[in-house]
Asker: 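The structure is given below, and queries will be raised subsequently.
Keep in mind it's a predicted model, so treat the numbers as computed, not measured. A note on names: the letters A, B, ... follow the listed sequences, proteins ahead of strands, and every chain is numbered from 1.
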There are 2 protein chains.
Amino acid sequence: MGTCCCDMRGMLSFLILFLLSKKPMHGQELAEEIGKRKGEKPSPGTIYPALKALREAGLIKEKRSGKIKIYELTKDGKLGLEEAKRQFCRTFTDVF
Amino acid sequence: MGTCCCDMRGMLSFLILFLLSKKPMHGQELAEEIGKRKGEKPSPGTIYPALKALREAGLIKEKRSGKIKIYELTKDGKLGLEEAKRQFCRTFTDVF
DNA sequence: ATAAACATATCGGGCGCCCAATATAATCAT
DNA sequence: ATGATTATATTGGGCGCCCGATATGTTTAT
């Protein structure tokens with residue numbers, strides 16, 4: 001989509017940031033929430049590389065807690081999400 | 001995005017179908033409308049292959065009128081768009 | 001301790017998005 | 001008719017999305 005100027009180019013990344021902004025989650029939890037919305041749960045090969053890219057871009061951070069890793073937005077992630085939301089709403093005006 | 005079940009897998013295709021559902025347009029007109037919304041006008045190498053794929057999928061049809069081609073939805077295109085809109089709204093609930 | 005279950009992670013391959021560059025076709029201005 | 005303009009179209013290359021397959025690490029059950 002080219003959602004934003006900064007390191008968040010696709011709709012999956014956008015959706016992940018948006019969901020994490022509502023509630024910090026671990027990977028499986030995130031995958032299930034995306035699955036509920038889209039109708040099909042993304043595979044591990046989809047979700048983990050996306051999380052890795054967002055982490056390397058400095059938009060999310062993680063905390064290990066036993067066998068899971070809880071992800072949440074960084075400050076840059078919050079700023080990036082706000083910008084991306086503005087563009088998203090402008091792009092899809094009237095679709096709803 | 002995997003927008004839908006049928007031949008319309010990405011956000012660009014979704015946006016094109018949505019815009020054509022509001023008003024039949026030719027390629028350049030469509031590119032400019034997308035540009036207004038996204039902030040950057042897609043290049044010919046983006047827009048024309050997308051239109052070709054949608055035509056070959058039977059979702060849009062075209063009418064030449066001098067140097068331009070006017071695109072509009074087929075019946076399948078209308079049905080596909082409605083289904084894709086439902087999924088889109090479900091996926092991005094609360095973003096707005 | 002061993003197995004089962006769960007979560008995270010990587011890899012190869014297919015496909016869509018996107019652009020720059022290039023080409024073709026139709027129209028318009030002179 | 002010649003050139004400029006506008007619209008359509010294709011190609012090559014980069015990158016993101018997506019899955020199936022496979023691997024690794026952690027916890028839980030037995």
Asker: Give the rounded distance in Å between these two atoms: CD of B:E56 and C1' of D:dA9.
Answerer: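 Result: 12 Å.
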
Asker: Sort me out a list of protein N/O and nucleotides 25-30 of chain D N/O pairs below 3.5 Å, or just none if empty.
Answerer:
none

Asker: Let me test you: for the helix from C:dA1-D:dT30 to C:dT30-D:dA1, what is the angle between the axes at its two ends (five pairs each), rounded to 10 degrees?
Answerer: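 Comparing the axis at each end, I get an angle of 10°.
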
Asker: Can we call the ring centroids of B:F96 and B:F88 under 6.0 Å apart?
Answerer: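 No, too far apart.
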
Asker: Kindly write out the residues that satisfy side chain to side chain contact (heavy atoms under 4.5 Å, CB included) with A:R90, not counting sequence neighbours, or none if the list is empty.
Answerer: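 Applying side chain to side chain contact (heavy atoms under 4.5 Å, CB included) to A:R90 gives A:Q87.
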
Asker: According to side chain to side chain contact (heavy atoms under 4.5 Å, CB included), who are the partners of A:S43, at least two apart in sequence or on a separate chain?
Answerer: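 A:S43 satisfies side chain to side chain contact (heavy atoms under 4.5 Å, CB included) with A:T46 only.
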
Asker: Do B:K38 and B:L12 make a side-chain contact, defined as non-hydrogen atoms from C-beta onward lying under 4.5 Å apart?
Answerer: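 B:K38 vs B:L12: side chains apart.
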
Asker: Should B:I16 and B:I47 count as side-chain neighbours, where that means a heavy-atom distance under 4.5 Å?
Answerer: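 Result yes, sub-4.5 Å side-chain heavy-atom pair found.
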
Asker: Donor-acceptor pairs under 3.5 Å, side chain of residues 48-59 of chain B to any protein atom, not counting sequence neighbours: which ones?
Answerer:
| from | atom 1 | to | atom 2 | distance (Å) |
| --- | --- | --- | --- | --- |
| B:Y48 | OH | B:Q28 | NE2 | 3.2 |
| B:R55 | NE | B:E62 | OE1 | 3.0 |

Asker: Kindly give the atom pairs (protein nitrogen or oxygen, nucleotide nitrogen or oxygen) under 3.5 Å for nucleotides 19-23 of chain C.
Answerer:
| from | atom 1 | to | atom 2 | distance (Å) |
| --- | --- | --- | --- | --- |
| C:dC19 | OP2 | B:S43 | N | 2.9 |
| C:dC19 | OP2 | B:T46 | OG1 | 2.9 |
| C:dC19 | N4 | B:G45 | O | 3.1 |

Asker: How many whole angstroms separate atom CG of B:L51 from atom C1' of C:dC17?
Answerer: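 Atom CG in B:L51 sits about 14 Å away from atom C1' in C:dC17.
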
Asker: At under 4.0 Å, does any side-chain N or O of B:S13 touch on OP1 or OP2 of C:dG16?
Answerer: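 No, no such contact exists.
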
Asker: How would you list, by chain and number, every residue that makes a side chain to side chain contact (heavy atoms under 4.5 Å, CB included) with B:E82, sequence neighbours excluded?
Answerer: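 With sequence neighbours excluded, B:E82 shows a side chain to side chain contact (heavy atoms under 4.5 Å, CB included) to B:K85, B:R86, given in chain and number order.
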
Asker: Applying side-chain hydrogen bond (donor to acceptor under 3.5 Å, both in side chains), can you list everything that pairs with B:E29, at least two apart in sequence or on another chain?
Answerer: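 Testing B:E29 for side-chain hydrogen bond (donor to acceptor under 3.5 Å, both in side chains), a comparison that skips the adjacent residues, returns B:K23, B:H26.
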
Asker: Just how far, in rounded Å, is P of D:dA9 from CD of B:E62?
Answerer: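 Going from B:E62 (CD) to D:dA9 (P), I get 6 Å.
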
Asker: If I take atom CD1 in residue B:I68 and atom C1' in nucleotide C:dC28, what distance separates them, rounded to the nearest angstrom?
Answerer: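 Taking CD1 of B:I68 and C1' of C:dC28, I get 15 Å after rounding.
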
Asker: Under 3.5 Å, side chain of A:S65 to main-chain N/O of A:I68, donor-acceptor pair present?
Answerer: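 It does not hold such a pair.
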
Asker: By side-chain hydrogen bond (donor to acceptor under 3.5 Å, both in side chains), which residues pair with B:K75, not counting sequence neighbours?
Answerer: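 Checked B:K75 against side-chain hydrogen bond (donor to acceptor under 3.5 Å, both in side chains); zero matches.
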
Asker: How long is the line joining CD1 of B:I70 and P of D:dA7, in whole Å?
Answerer: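 From B:I70 CD1 to D:dA7 P: 11 Å.
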
Asker: Rounded to whole Å, please give me the gap between CD1 in A:I60 and C1' in C:dT8.
Answerer: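 Distance, rounded to whole Å: 13 Å.
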
Asker: Please examine the side chains of B:F92 and A:F18, heavy atoms only from C-beta on, and report whether any two atoms are closer than 4.5 Å.
Answerer: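 No, every pair of side-chain atoms sits at 4.5 Å or beyond.
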
Asker: Heavy atoms within less than 4.0 Å of DNA chain C: which residues of residues 25-37 of chain A have one? Give them sorted by number.
Answerer: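 Residues of residues 25-37 of chain A under 4.0 Å from DNA chain C: A:H26, A:G27, A:Q28.
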
Asker: Could you pull out all residues at least two apart from A:K36 that satisfy salt bridge (charged side-chain N to carboxylate O under 4.0 Å, His left out)?
Answerer: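 Testing A:K36 for salt bridge (charged side-chain N to carboxylate O under 4.0 Å, His left out), a comparison that skips the adjacent residues, returns A:E33.
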
Asker: Apply side chain to side chain contact (heavy atoms under 4.5 Å, CB included) to A:E32 and list each qualifying residue two or more places apart in sequence or on a separate chain.
Answerer: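 Applying side chain to side chain contact (heavy atoms under 4.5 Å, CB included) to A:E32 gives A:K41.
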
